[in-house]
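Please read all numbers here as calculations on a predicted model, not as lab measurements.
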Amino acid sequence: LPVCRSGCRIRIVGVQGKKELNGAEGKVMQFNAVTGRWCVQVDGIVKQLALKPDNLEALAEIDGRMEDVPAQADAGQVLQEEVRLAVERGRDIADSARIVATRWCVLEAQVSSLVDVAAVERQVHLSAEVAKGLVSRIIESFWQSQQRARRAEDENEEQEGEAEINVEHEEDAQSISLDAAVTACLDEWSQGDRFAQQEAARIKAALEIAANAERLLLTDAARTTLQQRVELMLRRGEELDAAVSAALQEWHRLIVKRQVQQTVWDPSGNETRKITGVVRFMPFRHKGSDHFDYAMLVQVFEMLPFHHLGGLARVCKRWRGVVTDPSWKPELVIYAWGAADVTGIACDCPKPALLELSISKRVIHIACADAATFAITEVGDVWFWGKSWARDELSPNCKDPTQLNELRDVVALSATPAGYFHRRRHYPGYSCAAITRSGALYTWGLNLCGQLLHSGQAVFRPKLVTASGEAWRSGAERVLHASCGVDYLALCVQRTGQQAQHQESVGESNARSSTAVLTCGMFCRDRGVRPHELTEWTALRGLQLRQLVAGGFHCCALTTHGDLYTFGDETGHDGSNGNLLGHGPTGNPQNHVSTSREFASVCPPRRVELEGFGPVAEVSCSTYTNVAILMDGRVFSWGDADGNALGHDRHECHTPQWIRSLRWQRVSHGALAYTNAAVATDEGRVFMWGGNMWEGGIAEGRGSEGPTEVQWAGVPSCYKCSSAALGSEHGFLVFRKQP
């Protein structure tokens, strides 16, 4: 066989069908283990050709000297041992080295192809570095097993001469052995990788929960630094809570120190050194009479509209220096686009336009309902604009952002997700819930099934929930998470007193693990069932949650270890063409709770288990679609596929499916609304898909069925997109300042 490797130059010889190819030269691309042929890019031919190994002649033969074998292959000791065994059998050392190196190259191509196929089947993405390491380990393992087998054969030989060999049987056995080596190596890597990602998810979730409780904005760089510090503390034997608290306190202290003005003449913080070139604690930026200019320009520019900065930068070099200095700019800015009555800008925005509220009030979180938006500021105030949650004079529609004076010190907010269902237009509003820093719960909006824990068909203004039943005591048990579906409310509360003691008695000694997930209302009103009162789901008892996200008719609970649990109705009001819970084809009676009438059609919480899926970093839900972003940046979707809402070509998607078109992107956040979806990557790029059916939406009219990148450059260069939020006919891009 010729010595061929991916990337080497070859000459085509011995082709019978297309003899005009003989003598042509080209480059080897990869080996297809299924067909047993090389993919070759022939010079002057655009399309790649699949050719047999016998029809290829390497232009650069491998040197046959044994000392050069390690340079041609990555496992020098293994190959040298193979050559040594061949020499002991009386073969020439140069010929043996050449044959061994050739065999390694062929195996390398075969294993690379097998690893690629196995990765696709397992829905995992292997980086080039990881794939190269796995290929080397698999070949070494396979080669050593072959060496052991040959030694055993040599010891059992009682007479000289070559025994008769069934070549076909030997090739089949080798193929089976190679497949087994690939499977074993990938299993071992997957197990180690999952453990590492689970630990990273646990630390990341703890940092996120602690930062959200204090309404701290963490940049990507800050998250990475803090995660490394916490990992180091954990290796020293510290508890996770203590490590996270200490790391956040130290980070906050340094941030405050960096934001201190260097001098009265130089108001920029110390963090701007890399961009402006100013040495830390430099007494003056300019000399002579110009030393007031910088401070004055900063004060003036802060009062001007943000979108005017581009024009100001073209005035002169000094003004450009002030404009490009990020030290005086806000940490987070939000751009809105969509219809005039829902953007918060009171005008149609076909392209993203700056939401002035995000600068004037320092918005840190934004949440979309169907045709409305809520924003939380850094001091915990809540602002609202769009269509009202109830058709009443006490809660009118608002084109301009309006503060909800009943809410103070809020850290989290949820509203019924934006999404299609047949009764949407007949619903006179939607449901909302907010959590304060102290763990108090406020609810308001549509209350047709009593899910807001208040009386009446609607709660017209935000109202504090007071409950003292067996399921939950609001005065003593803090609310950690709250999420609203179409007709139900889901809560995660922290147990205290007798409830917590009961959990500890069954082995849950960690105080932070004393949690419970409760729901009330109805998952789906068309099932002939009645609303259920506040009820705990014991399958989730004691699990520390990172997210509790409500779809229209189902709910997702994401643990701090990255495990995803789903429960509720499998198909929803209109009959989804994919299982909303991600547990496989619908209709399995074993998945349902039949103990009472209230839960006749409800599936209890169950972990989503799928090869290559997890640990999960974030989950997002619409009424009929779900998106999960994994710790390694892969994106999975499942549910109803109408309008290309899932970003892939699976029309009946009952389990999470990897969106392979995003395999080269590391996605960090996602959002859903109707059949529209948007995701933001770690690099600040934004991709959208869907919008091709029913109500259309923000992604409509792109001329593509799969994910496409949003091409827009209207934000200052010191910002990058970190997340997105979507409503019915509007959306928001959230940008964070780069370090």
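- Side-chain contact between Asn577 and Asp642 is present, with at least one heavy-atom pair separated by less than 4.5 Å.
- A donor and an acceptor atom, one from each side chain of His730 and Thr373, are located under 3.5 Å apart.
- For the pair Asp325 (side chain) and Val322 (backbone), a donor-acceptor distance under 3.5 Å is absent.
- Between Tyr335 and Phe735, the distance separating the two ring centers is shorter than 6.0 angstrom.
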Pairs of donor and acceptor atoms involving the side chains of residues 338-351, under 3.5 Å and at least two apart or interchain, shall be tabulated with distances.
from   : atom 1 : to     : atom 2 : distance (Å)
Thr343 : OG1    : Ile345 : N      : 3.3
Thr343 : OG1    : Cys347 : O      : 3.4
Asp348 : OD1    : Ala340 : N      : 2.8

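- In this structure Ala372 satisfies the side-chain contact (heavy atoms from CB on, under 4.5 Å) test together with Ala369, Phe384, Tyr430, sequence neighbours excluded.
- By the 4.5 Å heavy-atom criterion applied to side chains, Tyr442 and Thr436 are counted as neighbours.
- Using a 4.5 Å heavy-atom cutoff, the side chains of Val679 and His669 are not in contact.
- Between the side chain of His365 and the backbone N or O of Thr377, no donor-acceptor pair lies under 3.5 Å.
- With ring centers used as reference points, Tyr674 lies 6.0 Å or more from Tyr624.
- Side-chain contact check for Trp328 versus Phe301: some heavy-atom pair is nearer than 4.5 Å.
- Between Thr225 atom OG1 and Trp251 atom CH2 the span is 10.5 Å, to the nearest 0.5 Å.
- When only modelled atom types and interatomic distance are considered, Ser637 and His648 share a side-chain donor-acceptor pair under 3.5 Å.
- Annotation: salt bridge (Lys or Arg N to Asp or Glu O under 4.0 Å) contacts involving residues 672-682, sequence neighbours excluded, comprise Arg666-Asp682.
- For Arg461, the salt bridge (Lys or Arg N to Asp or Glu O under 4.0 Å) test picks out Glu406, with sequence neighbours left out.
- In terms of heavy-atom proximity, Cys432 sits nearest to Cys484 at C-SG, 3.7 Å.
- Ring orientation note: the planes of Trp389 and Trp444 are nearly perpendicular, at an angle over 60° on the 30°/60° scale.
- Under the 4.5 Å side-chain criterion, counting only non-hydrogen atoms from C-beta, Cys718 is not in contact with Thr324.
- Contacts classified as salt bridge (Lys or Arg N to Asp or Glu O under 4.0 Å) and involving residues 620-631 (residues at least two apart or in different chains) are not found.
- Within a 6.0 Å sphere centred on NZ of Lys387, other residues, nucleotides and ligands contribute 12 heavy atoms or fewer.
- Applying the salt bridge (Lys or Arg N to Asp or Glu O under 4.0 Å) criterion to Arg736, with sequence neighbours excluded, gives no partner residue.
- At a threshold of 4.5 Å between non-hydrogen side-chain atoms, the residues Ile376 and Val363 do not count as touching.
- In this structure, the separation between CD1 on Ile435 and CG on Leu491 is 7.5 Å, given to the nearest 0.5 Å.
- Not a single salt bridge (Lys or Arg N to Asp or Glu O under 4.0 Å) links Arg650 to another residue, sequence neighbours left out.
- Between Gly551 and Pro417, the closest heavy-atom pair is C-CG, 3.7 Å.
- The list of salt bridge (Lys or Arg N to Asp or Glu O under 4.0 Å) pairs with a residue in residues 356-372, not counting sequence neighbours, reads Asp370-Arg424.
- Considering only residues two or more places apart in sequence or on other chains, Ala490 meets the side-chain contact (heavy atoms from CB on, under 4.5 Å) condition with Tyr488, Thr519, Leu548, Cys555.
- Within 6.0 Å of CD on Glu652 lie no more than 12 heavy atoms contributed by other residues, nucleotides or ligands.
- Considering all non-hydrogen atoms of both residues, Phe636 and Gly612 come closest at CZ-O, 3.8 Å.
- The shortest non-hydrogen separation linking Ser722 to Ser668 is O-OG, 3.9 Å.
- When side chains are defined from C-beta on, Gln123 counts as touching Gln657, because their heavy atoms get closer than 4.5 Å.
- Side chain of Asn212 to backbone of Glu208: a donor-acceptor contact under 3.5 angstrom is found.
- Ser622 meets the side-chain contact (heavy atoms from CB on, under 4.5 Å) test with Thr625, Leu672; sequence neighbours excluded.
- Scored by the side-chain contact (heavy atoms from CB on, under 4.5 Å) test, Lys463 finds His454, Val459 as partners (sequence neighbours excluded).
- Contact record, Ser728 with Ala418: N-CB, 4.2 Å, taken as the closest heavy-atom pair.
- Side-chain contact between Lys204 and Met631: present, with at least one pair of heavy atoms (C-beta onward) separated by less than 4.5 Å.
- Judged as a salt bridge (Lys or Arg N to Asp or Glu O under 4.0 Å), the pairs with a partner in residues 713-722 (not counting sequence neighbours) are, in order, Asp220-Lys720.
- Atom NE2 of His651 has 12 or fewer heavy atoms from other residues, nucleotides or ligands within 6.0 Å.
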